[in-house]
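Report on one structure; see the data block that follows.
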Protein chains: 2
Amino acid sequence: MSKGLDKIDFQPVTLRDQVQERMREAIIEGHFKPGERLVERPLCDQLGVSRTVIRETIRYLEAEGLVQIAPNRGPIVSYLYWKEARQIYAIRRMLEMAAAETCAANISKELANSLRAALKHLNDDRKDMSATELYHATSDFYELIFSGAGHDIAWEMVQRLHARISRLRSLTLSTLERKKTGPEHMQVICDAICAGDHQAASQAVAEHLDDVMSVAEKLLADA
Amino acid sequence: MSKGLDKIDFQPVTLRDQVQERMREAIIEGHFKPGERLVERPLCDQLGVSRTVIRETIRYLEAEGLVQIAPNRGPIVSYLYWKEARQIYAIRRMLEMAAAETCAANISKELANSLRAALKHLNDDRKDMSATELYHATSDFYELIFSGAGHDIAWEMVQRLHARISRLRSLTLSTLERKKTGPEHMQVICDAICAGDHQAASQAVAEHLDDVMSVAEKLLADA
DNA sequence: TTTGGTATTATGGTATACCATAATACAAAG
DNA sequence: CTTTGTATTATGGTATACCATAATACCAAA
């Protein structure tokens, strides 16, 4: 129990935040297709907010890389080519390997339990989870790894990178039905980290991402 | 020679772009101190633009991590603690090592010449360069490495990370007078890459960053 | 000195109005 | 029928004005 009263850190959820969240989700989930124009005034009507809010949101998403500005045409949903996806996977690979390694080195009883719990939750409820729920559950697992490693900035970057390629995820999921190697890999990763074997942890993450990447590559046999 | 006429890809430099550039520079150069409030209307007056532009700019810089939003107080220049700077250096280290390695593996005569030219420019004109010019010249050198490696997304990330810690740069420069190991390290890096020795290149980059990092650490003996 | 109220300020949010440009449609001329 | 020029429309870009709220500072009273 803390002495005195806890500070109330009520952070007001601004309209912007909500709009940002919704538009980001919409892009990630594929409701807006790559190249699709994001015309401001219709968006205002749809979301019931003013143009200012929409425009600020678009600026934010532009910085995140989800939206591009076509000169004299306005914002469009970013295209994603293999050329870029490949780089994104490579960066994620580095960041995740480092996080797993450090996390394994810093492993504690509690952290190990949290990791196992997250994985168990993911495996048990996999069947009756929507795509978004599954995404969040997986994300929770990885977040534990990054926070366990003290790599919160890297975690933020990974999330952003992930958002940019997440439109592929719907494809990979639907076409390959997750190939079932995903969960296995995660189990191996979890075990290695909990055992404090940083080398094995790093290795397991690398293999997992190589796998995911090769699947994605087959799908993007375009530019 | 291309057949017919080249497409003119005139991208209009919008007001936003200019304001973004100027505010980013101002933060990076330390004209705005960490924690300083960025009050919108005075900024409008100073820059001679409308609030809309300022607000959009702030959203963008917020996504970049240079600006934070204090609830019910508005935007402030982000604080920077060693806890975060350390992570940023670590990430940069990974990305730059990878870029140097790949660049060395892909080395060509022309690329080697460009690299050497960039470094020569940097060394020759070092004395009569302003801090910003020196920054840009250094940046040009690294950009060659990243583009030579085909890591343009990583390059973008490195630039952003660099912006966030660049306020330290003014400190490191002024207090240690650049210790003179910087140019030496860059020479080693350049030589290794041009020789196609990817292992040495990667190693040289790592050493350089370890060095920079240790300098920064001494300065940020705070939180 | 502490309490309480008031005035100011900055912000988030909204609504418009205006202009320049790009796309489109359409009409006129060859 | 094709080409050229023009008019319309949609849109992005910019600038202002307005309101409600929260934070702050300041001042007066107990």
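Every chain is numbered from 1 and lettered A, B, ... according to where its sequence line falls, protein lines coming before strand lines.
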Notebook entry, point to check: Any idea which of C:dA17, C:dT14, C:dA10 is nearest the A:V53 side chain?
Noted result: C:dT14
Notebook entry, point to check: A:H162 vs A:Y135 aromatic rings, parallel, tilted or perpendicular, using cut-offs 30° and 60°?
Noted result: parallel
Next item on the list: Pull out every residue in residues 57-67 of chain A that has a heavy atom closer than 4.0 Å to any atom of DNA chain C, ordered by number, or say none.
Entry: none
Notebook entry, point to check: Pick the nucleotide of DNA chain D nearest each of B:V49 and B:R37; which residue has the one closer to the 5' end?
Noted result: B:V49
Next item on the list: Can you establish whether the number of heavy atoms outside B:R160 located under 6.0 Å from its atom CZ is more than 12?
Entry: yes
Next item on the list: Send over the distance from A:E56 CD to C:dT14 P, rounded to a whole Å.
Entry: 10 Å
Margin query: Give me each pair satisfying salt bridge (charged side-chain N to carboxylate O under 4.0 Å, His left out) with a member in residues 134-153 of chain B, each pair once, sequence neighbours excluded.
Written below: A:K83-B:D152
Check: What nucleotide among C:dT14, C:dG12, D:dT14 has an atom nearest to a side-chain atom of A:S50?
Finding: C:dT14
Check: Rounding to a whole Å, what distance do you find between B:E40:CD and C:dT9:P?
Finding: 17 Å
Margin query: Which nucleotide wins on minimum distance to the side chain of A:V39, given the candidates C:dG12, D:dG13, D:dT11?
Written below: D:dT11
Margin query: Counting distance alone, no hydrogens or angles: does the base of C:dG13 have a donor or acceptor under 3.5 Å from a partner atom on the side chain of A:R51?
Written below: no
Next item on the list: Take B:T52 and B:P42, find for each the nucleotide of DNA chain C with the closest heavy atom, and name the residue whose nucleotide sits nearer the 5' end.
Entry: B:P42
Notebook entry, point to check: Any chance CZ of A:R22 has more than 12 other-residue heavy atoms, nucleotides or ligands included, within less than 6.0 Å?
Noted result: no
Margin query: Between the side chains of B:R59 and B:E62, is the shortest nitrogen-to-carboxylate-oxygen separation below 4.0 Å, so that they form an ion pair?
Written below: yes
Close N or O pairs between protein and nucleotides 21-23 of chain D (under 3.5 Å):
{"unit_1": "D:dA22", "atom_1": "O3'", "unit_2": "B:N72", "atom_2": "ND2", "d": "3.4"}
{"unit_1": "D:dA23", "atom_1": "OP1", "unit_2": "B:N72", "atom_2": "ND2", "d": "3.4"}

Next item on the list: Report yes if a side-chain nitrogen or oxygen of A:R41 is closer than 4.0 Å to either non-bridging phosphate oxygen (OP1 or OP2) of D:dA10; otherwise report no.
Entry: no
Note to self: Regarding A:I54, tell me which of base, sugar-phosphate or nothing describes its non-hydrogen contacts under 4.0 Å with the strands shown.
What the structure shows: nothing
Note to self: One thing to verify: whether A:E21 and A:R24 come together as a salt bridge, which I'm taking to mean a side-chain N less than 4.0 angstrom from a carboxylate O.
What the structure shows: yes
